[in-house]
Each structure stands twice: as structure tokens, then as C-alpha cells.
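The block underneath contains the structure these notes are about, expressed in C-alpha cells.
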Amino acid sequence: MTLSERLLTLANIRPNEGKVFAWALLYAVLSNTMYLFASTAAYALFLSKFDAQRLPYIYIGGSLLATLISMLYLQLSKRYSLAQLLIGQFGLILLSLIGYRIGLTVLTNGWVVFSLLIWDGVVSTLLFTALWNLLGQLFNLQQGKRLFGLLAAGQQMAMIAVGFLVPVIVARIGTPNLFVVAAVVGIGALGVLRHMTRTFIALQAPDVEAEASESKTSPSESLLSDPYIRLIFTMYIFFALGSYFIDNIFYSQVEGQLTNQDQLAGFLGIFSGIVGAFSLCNQLFLANRLLSRYGVRAVIVLTPALLFLGVGLFTLIGTFSHLTFVLFVMVAGINLVRQVLDASDNTAANLLYQPLSMAVRTRAQTTVDGMIEPSAAGLTGLILLGLTNL
């Protein structure tokens, strides 16, 4: 048995899956690396110019724009194959990276920096939707149970690499030029994506089943008529609400400790690297075992249970003391737990789609990632504005 065959056996990858798995993993690593470089720069520039109290406006603006783009994506999916949609979408993201870098040089208005985080949320939605639509087309339910956890580890690999590279890169070329680095990595990711769309026939065929179902009923009507899909939608709404609240608390504490944009970028990069390292360990050694032994339901419930305990302790200490550094460490720990467990949550949650037919699966995933979660973000923004003003 050769070394490659031993590695495939160790990872529970069958010989006929090795090629498609390797390309999918490479795309996941490169696309996430591109996004993380750009996202780190966006948050660092925003927090150095604005305070975290402006984040609710970002959530609201991002939710509106992401929902509109996702609706357009669903309409385009009736006419174009997944391969064409993925290539077109990724090309637009690359152009936006280059455009923002030029805009930061030419324009000094605050709206350019303010719009960065709205753009960040939209790009996150598009890339996440694209990745899981891609994996859903390439692998069936049985393969997904074995491989989705390993493929999701591509995000953690990117987080580790980017996290510990950001302070070094920022020290040499500055925070705004992280967009240039992101664009270079993105060109590599686009090349991998083009190769995959040409090689794997499943990505090239138009969704005939989707077109047939669309002729009978509208997407929202057909999806909401299924109680199973309604439960998935409800679950994601509550998950998104909790995540955005913790995000807001975290960035408020970070802003209070650091003010310089390069310091912010360095801290956020290192934090991302630490999250990536723990998430990778979770993905490789814990998530699959938890899923196999306790099932999807137990894994999904674990995150809110731990966050409830952590946030309760944070609230208790924050109410009766003003130990700002202790609160900062606590909320960083809570956010660390949330993001580390997010690795296993994503795998478990995306397995929920696999029993659905191919057409329904694509529409349901796009609706959740492009409409349900952004709408929950907008709702979070409105609630935070109300709480802040009152």
C-alpha cells in the first residue's frame, strides 16, 4: 500500500473520492484564506475609525444587501448551472477586493471604511453559500457524513495560516494592503474553481428538477410548506441572533483595549489563528466522534448550552464590577468557544440538508445562508439599537 493510499484509508476517504476531495479541500482553503485576509483588514479599519456602537447599522445594511443579492442568485440559478454561478460570483468578489484597495487610496471619506463591513457580511454569505452548494453537488449523504468534517477543516487551516501571518504582513506593508494579498490568493482560488467546474460533470448540468418545481409553485411557498424545512429555518434564526449579539460584545471590548489599526489587525489575526488551531483539533478529533456517537441533535444543542452558561457568568460579573480587562478576557473566551464549536455546528447543520432532493437542497441552503441569516442579522441590529438608545 502506497503512502497516499494509507493516508486515504486513515482519513476514511475511498480511492475513487481522493481526486474530488483534494480539489474541494484546496478550494476551501484558498477561498477562506482570501476572505480572512480581507475581513481582518475590514474590521481593523472600521474599529480604528468608528466605535463598535455603529455595528448594528452594519448588521441592518448587510442584511438588506445580502438578502437582495441572494434573491438575485436564486433567480439566476433557474437559468445558469452552478458552475457558471460560482465562477461569476467569485469574479465579482475579486473585482470588489481590487476596487476597495483603490478606493482606500483615492477616497478619504469615512463611508468607504464604513461600507467595508457591509461588504464583508455579503461576501461571507456568498462564499459560505457557494462552498456548501458546491459540496452538496459533489457528494451524497453517505459521503457527506464521512467527508464534510474534513472538508470544513479547510476553513480552520486558513484561519491558522492567516492568523499568524497577519501581524508579520501588516508590520511590512500596512493593514490596507491586506486586500492586495487577499486578491492574489483569490486568483489562485478562482483557478482551482475553474478546474473543478470543467472536470466534474455534476456542476455543469442545469438544475432541471428545480425548474420543474418552480413552474408549479414559488420557492418560498414550496419550502415553507415543509415542516422539516421550517424547523431548519427557525433553528438558524436563533443561532444567528446569538452569534451576532456575542460578536457585538466582543468587538466592543476589543475596541476598548486597542485603537491603532495595525494593532487591531494584529490582534484579530492572532485571535483568528488561535480559533483556527482549536477548531482544527475539534474538526479532526472531536466533531466526527460526537456526531457518530450522539448524532446531529446533540451536537447542535451543545453550542447554545455552553454559550448560555458563559454569557450568564459574563453578565453577572459585568453587573457587579468594572473589571474591564477581566470582562475582555471573558468575552474573548466566549467568542473563542462559539467559533471553535462553529466548526462542528456547520458540519452537523449542513448534514440536515442531505435528505432533501438536490433541487430543494440548493434552494433551502441558499435561502438560509442568503436570506434567513442576514434577516436575523438585521433583526439583531434593530434590537441592539433599541437597547443602546434606551
Side-chain angles (χ1 to χ4, degrees), residues 19-39 65-99 119-140 143-144 147-148 151-152 154-155 158 182-211 214 219 346 350 353-354 356 358-371 373-374:
K19 184 179 179 181
V20 63
F21 174 84
W23 282 107
L25 180 62
L26 181 59
Y27 170 73
V29 171
L30 290 176
S31 61
N32 276 290
T33 299
M34 175 198 72
Y35 168 71
L36 288 168
F37 272 125
S39 181
L65 187 57
T67 301
L68 290 174
I69 291 177
S70 297
M71 291 172 65
L72 176 62
Y73 183 90
L74 283 172
Q75 292 300 315
L76 291 174
S77 66
K78 302 176 189 177
R79 297 187 176 184
Y80 302 99
S81 67
L82 181 59
Q84 293 171 314
L85 289 173
L86 293 177
I87 293 295
Q89 172 183 293
F90 208 95
L92 288 175
I93 292 173
L94 274 178
L95 289 176
S96 70
L97 284 172
I98 298 168
W119 167 89
D120 175 83
V122 173
V123 171
S124 174
T125 297
L126 291 175
L127 288 177
F128 187 85
T129 304
L131 177 61
W132 287 103
N133 281 344
L134 178 70
L135 298 183
Q137 291 279 77
L138 293 175
F139 303 101
N140 59 35
Q143 291 173 316
L147 302 178
F148 278 4
L151 289 167
Q155 180 180 5
V184 172
V185 177
I187 291 171
L190 181 59
V192 172
L193 185 60
R194 282 185 62 84
H195 173 79
M196 292 178 67
T197 56
R198 291 175 176 178
T199 304
F200 305 115
I201 193 69
L203 304 176
Q204 299 169 8
D207 201 340
V208 178
E209 185 183 352
E211 292 179 5
E214 289 297 332
N346 280 339
N350 279 282
Y353 295 112
Q354 292 304 105
L356 303 173
M358 188 71 73
V360 175
R361 183 193 312 162
T362 300
R363 295 209 318 276
Q365 282 183 299
T366 303
T367 302
V368 166
D369 300 332
M371 298 181 188
E373 286 200 20

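All values below were derived from every heavy atom in this structure, side-chain atoms included, with hydrogens, water molecules and symmetry-related copies excluded.
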* For residues L97 and A38, report the shortest heavy-atom separation together with the two atoms involved. => CD2-CB, 3.5 Å
* To do: To the nearest 0.5 Å, tell me how far T197 OG1 sits from L190 CG.
  => 9.0 Å
* Test item: L76 and Q84 side chains (from C-beta on) under 4.5 Å apart, heavy atoms -> no
* Any donor-acceptor pair under 3.5 Å linking the side chain of Q89 with the backbone of A130? -> no
* Hey, does Y35 have a side-chain heavy atom less than 4.5 Å from the side chain of D120? -> yes
* What are the two closest non-hydrogen atoms of S31 and L127, and how far apart are they? -> O-CD1, 4.1 Å
* Rounded to the nearest 0.5 Å, how far apart are CG of L25 and CG of L30? -> 9.5 Å
* Can you tell me how far the CH2 atom of W119 sits from the CD1 atom of I93, to the nearest 0.5 Å? -> 8.0 Å
* How many angstroms lie between CE in M71 and CD in Q75, if you round to the nearest 0.5 Å? -> 7.5 Å
* Heavy-atom side-chain contact between Y27 and L131 under 4.5 Å -> yes
* Structure fact -> Between T33 and A158 the two heavy atoms that sit nearest each other are OG1-CB, 3.3 Å
* Report yes if the side chains of M196 and L86 come closer than 4.5 Å at any heavy-atom pair, otherwise no. => no
* To the nearest 0.5 Å, how far apart are CD1 in I98 and CD1 in I187? -> 6.5 Å
* So how far is it from L92 CG to L126 CG, rounded to the nearest 0.5 Å? -> 9.0 Å
